[in-house]
Number of protein chains: 2
Amino acid sequence: MKKKNDGAIGSTMLEVAGRAGVSAMTVSRVLRNPQVVSAATRIKVRKAIEELDYVPDQAAGALSSGRSGFIACIVPSLDNSNFAETVRGISEELSNTALQLLLGYTNYSVHSEENLVRTMLQRRPEAIILTGGDHTDRTRRLLELCEAPVIQMWDTPAKPLEHVVGFSNADACGDLVVRLHECGYRNPGFIGGTTNRDTRGTDRREGFITATKALGLPADRIISSGIPPISMQEGAHALVQMLERWPDTDAVVCVSDLSAFGAITECRRRGWSVPERVAIAGFGDFEIAANNKPSISTVYVNSFGLGESVGRIVKQAIASSNQGNKLAPQFVTTEYRVVLRESTAS
Amino acid sequence: MKKKNDGAIGSTMLEVAGRAGVSAMTVSRVLRNPQVVSAATRIKVRKAIEELDYVPDQAAGALSSGRSGFIACIVPSLDNSNFAETVRGISEELSNTALQLLLGYTNYSVHSEENLVRTMLQRRPEAIILTGGDHTDRTRRLLELCEAPVIQMWDTPAKPLEHVVGFSNADACGDLVVRLHECGYRNPGFIGGTTNRDTRGTDRREGFITATKALGLPADRIISSGIPPISMQEGAHALVQMLERWPDTDAVVCVSDLSAFGAITECRRRGWSVPERVAIAGFGDFEIAANNKPSISTVYVNSFGLGESVGRIVKQAIASSNQGNKLAPQFVTTEYRVVLRESTAS
DNA sequence: ATTGACAATGTTAACGCTAACACAATAAGC
DNA sequence: GCTTATTGTGTTAGCGTTAACATTGTCAAT
């Protein structure tokens, strides 16, 4: 029905079985459940596998067993320390299992996300990990139909699809504002992107507004500049706009450490001292935050640990499903912590 | 033979066919080759697909057709602008095909790479993309056995496995040294990691040595510090060591922009002006290079374009193989360019 | 009318693996 | 010695799709 070896590897399980003088099923057992096979047979089979350089075909295995071995994981961007760390956390946690990550990135577009989900569902993932709580209706429909556990991460959606591992970006940013207020800052501003594509960024802005209002501070000093995730350059640009429009701004909260770095660097170019002329804070505690001069006040997020939690839930959910029941929806809140450094005065 | 719906989606192609009043084969044709089906039937089938929320099972399709639709892509790290951009370039180039990236990262370990390759081969990828030219013997054996085209990128290995898309990291770093020499620097040093795990880093160091020797400059000012990829902090640390050991060093080439940034920041902390006290250059032209003050001299690499080239070769190789022949090994050299900025004086 | 070409659909048989059951052969319990 | 577990292995049937071929109907050219 098809030419042999369409980009495939040499031998099949049956050939291994033939060479070892056993049935294919025994070969399968040696690979997936070695302890039920006698030591002597196991050795024979392993030898045949070696000699033929046999590499099992997981597509066939998946079809037969109904288990793909895939975990779909969709993040906004790969080029972001935070998400990259989270992916590492997930992988690490799954490294002692036979589960494999099927990674995709959306470029912060829910429309891309929908396409990715559709594509990935064709691979029948055993769990689906999404970033954030903002999805198209069609995405939600697709996810409800498929029975795989769904985990939303990096956010705490009000109406979760199923499991959640994350933290409130709004609260975290609000905490930062409170700490700046404690330091004596009274006229804070916020710098973020122009659209609501980056929902975590939007949440941080909302958190800024809520906190400033609660503290009786001006809540309208918001510069939106650039498509999320906003760059260093856009941080620089936005800072200038901020100080032109509201010259008495004494502290600027940036949606991420990268834009905060851009803003600080712009100040240095213009000879404005940070934090004396203006304090600047970021979000995410990227490598650059601790290593810049002045070091950048920010919100530390345990990205790696977040990934580990996600991985644990994946394992639990699959274990439950193997026992015929379904893991009750989990809601895990992860650590964050305001870290004050040189870019804001205490 | 197995419980229905093990995490799977509702309906099968046969059910769609039943509802549309056609055979399963016709449904398959509507999905993969719609133009051979009459308009009327096509509409009926599409309607049935919609109504049942049918999502094809690609594992079954792959098994039957011998085409997995996967492209394996292995990079050292996801958290690196350069590689992330390259992955974006590949994805973009493959976005108008039915091919899907199966991503993996090695953490700069050839041993991890071997495991990843083995795992990925079980999915029968139609092409395999690796970073660099350094692989274990077993990896090379596995890749030779499988008939899928192999592409090595980000390097120009002397003995390529098959296709290559990259540039000589040694030459690029050498060019940088030459340009620094033209600027009047006579005592350059190099900062990199302690091991040879990061072969691109090692090549850059070799390029530094070759170029300095050729120019009659000291070639032994090399500080190795930290496990690659070395951090900002290690860059800072290494710079201090460099100037303690060879105080008259007038220019330092760092293995990447991140370590260069760390080095520059350390200078600023210590009140050493850059480039007056010492010039510093990086590699990669990360966002930070243009946005720092002083902006960082570096080697620009077209990471995204490199990925696009890789994607094009993947498509060509698969097209050739569909026509029954094999694409002759390609060797594509990609663009790089020394960019001198404020961190070195002209 | 008869032939041939072509277009649209159906039928059959895999693809490579594993769940479920069947069946020996051995060990344990009385 | 006989039943009853237990262990190790084989047999069978299918997972959901698609390549290859078979079949039917339609229409133009003889």
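To find a chain, count down the sequence lines: A is the first, B the second, and so on, and within it residues start at 1.
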| query | Which residue, A:Asp57 or B:Val22, contacts DNA chain C at a nucleotide closer to its 5' end, judged by nearest heavy atom? | reply |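 Result of the comparison: B:Val22.
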Does the side chain of [X] get closer than 4.0 angstrom to OP1 or OP2 of [N] through an N or O atom?
X	N	answer
A:Ser38	D:dT9	yes
B:Arg32	D:dA19	yes
B:Ser64	D:dT17	no
B:Ser65	C:dC15	no
A:Thr26	D:dG10	yes
A:Ser28	C:dT18	yes

Please give, in whole Å, the distance from [N] [atom2] to [X] [atom1]?
X	N	atom1	atom2	result
A:Leu63	C:dC17	CG	P	12 Å
B:Met25	C:dA14	CE	P	16 Å
B:Met13	C:dC15	CE	P	19 Å
A:Arg67	D:dC15	CZ	P	19 Å
A:Lys44	D:dT9	NZ	C1'	10 Å
A:Arg29	C:dT18	CZ	P	11 Å
A:Gln122	D:dT17	CD	P	10 Å
B:Leu14	D:dT18	CG	P	13 Å

| Quiz item: cation-pi between B:Arg19 and B:Tyr54, 6.0 Å / 45° |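 Judged by the rule (NZ or CZ under 6.0 Å from the ring centre, within 45° of its axis), B:Arg19 is not positioned above B:Tyr54.
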| request: May I ask you to test the B:Pro125-B:Leu102 pair for a side-chain heavy-atom distance under 4.5 Å? | output: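 Not in contact.
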| message | Between B:Glu93 and B:Val314, is there a side-chain heavy-atom distance shorter than 4.5 Å? | response |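 No, too far: nothing below the 4.5 Å cut-off.
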| said: Taking the nucleotide of DNA chain D with the nearest heavy atom to each, does A:Arg42 or B:Ala60 sit closer to the 5' end? | reply: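 Whichever sits nearer the 5' end wins; that is A:Arg42.
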| field | side chain to side chain contact (heavy atoms under 4.5 Å, CB included) between A:Thr131 and A:Thr106, intermediate numbers included | value | CA-CA 10 Å; A:Thr131 310; A:Thr106 66; over 6 Å; no
| task | Pick base, sugar-phosphate or nothing for B:Ser23, based on heavy-atom distances below 4.0 Å to the nucleic acid. | result |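 Counting heavy atoms under 4.0 Å across all strands, the contact made by B:Ser23 includes a base.
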| Of B:Arg141, B:Arg140, B:Glu113, which is the lone residue that meets side-chain hydrogen bond (donor to acceptor under 3.5 Å, both in side chains) with B:His135? |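 Result: among B:Arg141, B:Arg140, B:Glu113, B:Glu113 is the only option passing the side-chain hydrogen bond (donor to acceptor under 3.5 Å, both in side chains) with B:His135.
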